[in-house]
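This report concerns only the one structure given below.
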Amino acid sequence: MVGARSIILGAAFALAVPYQAMGQGGPLLMPSGEMAYPLDEIYDEDQSMIRLRYVVPKLAEPASLYAADALRVFEDMLWLCSTQLRSLADIGEFPQDQGWQGAIITMLEHEIPFGTRDADVVQFFEGFLFGMDGCEMEDDVYHD
């Protein structure tokens with residue numbers, strides 16, 4: 001993947017409780033109870049990956065326990081991957097049927113241009129592959 005490596009570890013599991021989702025255009029209430037605000041979608045045809053970016057203001061709060069809870073953040077990223085890809089009109093229900101191999105979910109404390117490195121901005125990345133059951137954690141050297 002182009003510069004995106006996971007800094008969050010966790011185990012994927014199905015979320016049984018439905019959560020509010022307004023599509024890729026509106027704010028999203030994630031399973032953790034935190035809000036995510038969708039940014040641009042980036043279709044990386046060279047890597048066959050769809051990149052979905054979100055501003056999660058809670059990441060900017062110094063006293064926030066959210067950013068320090070890797071499992072909670074990972075569960076939200078898995079939920080974003082599993083639910084929001086279906087809301088993209090040009091993708092359809094099964095993005096792998098259109099040649100896409102997976103998605104990279106990015107959470108940022110505030111919006112910065114794609115590809116920008118800024119040590120003062122909290123950013124989390126997680127790569128998922130599309131499997132038979134939806135989004136699955138990418139198996140690479142950064143995951144056990």
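Both backbone and side-chain heavy atoms feed into the values below; hydrogens, waters and symmetry mates do not.
- Side-chain atoms of Phe124 and Met77, non-hydrogen and from C-beta on, do get closer than 4.5 Å to each other.
- For the residue pair Met107 and Leu80, the shortest heavy atom distance occurs at CE-CD1, 3.9 Å.
- Note that CG of Asp44 is 7.0 Å distant from CD1 of Ile104, once rounded to the nearest 0.5 Å.
- For the pair Ile112 and Gln123, the minimum side-chain heavy-atom distance is below 4.5 Å.
- Looking at heavy atoms from C-beta onward, Trp79 lies in side-chain contact with Gln84 at the 4.5 angstrom threshold.
- Looking only at side-chain heavy atoms (C-beta outward), Phe114 and Thr106 stay at 4.5 Å or farther from each other.
- Summarising the geometry of Glu109 relative to Val122, their closest heavy-atom pair is OE1-N, 2.9 Å, with the distance given to 0.1 Å.
- Atom CZ of residue Arg53 and atom CZ of residue Arg51 lie 9.5 Å apart, to the nearest 0.5 angstrom.
- Two residues are said to be in side-chain contact when any heavy atoms from C-beta on lie closer than 4.5 Å; Trp100 and Tyr43 meet this criterion.
- Ionic pairing of Glu75 and Arg72 is not present here: no N-O contact between side-chain nitrogen and carboxylate oxygen is shorter than 4.0 angstrom.
- What you find for Leu39 and Leu108 is that their closest heavy atoms are CD1-CD1, 3.8 Å.
- At least one side-chain heavy atom of Tyr54 sits less than 4.5 Å from a side-chain heavy atom of Leu52.
- The heavy-atom pair separating Pro57 from Met35 by the smallest distance is CD-O, 3.7 Å.
- If you take CG on Leu59 and CD on Glu34, they are separated by 8.5 Å, rounding to the nearest 0.5 Å.
- Atom SG of Cys81 is separated from atom CG of Asp76 by 13.0 Å, given to the nearest 0.5 angstrom.
- No donor-acceptor pair closer than 3.5 Å links the side chain of Glu126 to the backbone N or O of Ile105.
- Pairing each heavy atom of Val73 with each of Tyr66, the nearest pair is CG2-O, 3.3 Å.
- Among residues two or more places apart in sequence or in another chain, the side chain to side chain contact (heavy atoms under 4.5 Å, CB included) test is passed with Ser82 by Leu78, Cys135.
- Rounding to the nearest 0.5 Å gives a distance of 10.5 Å between CZ of Phe128 and CD of Glu136.
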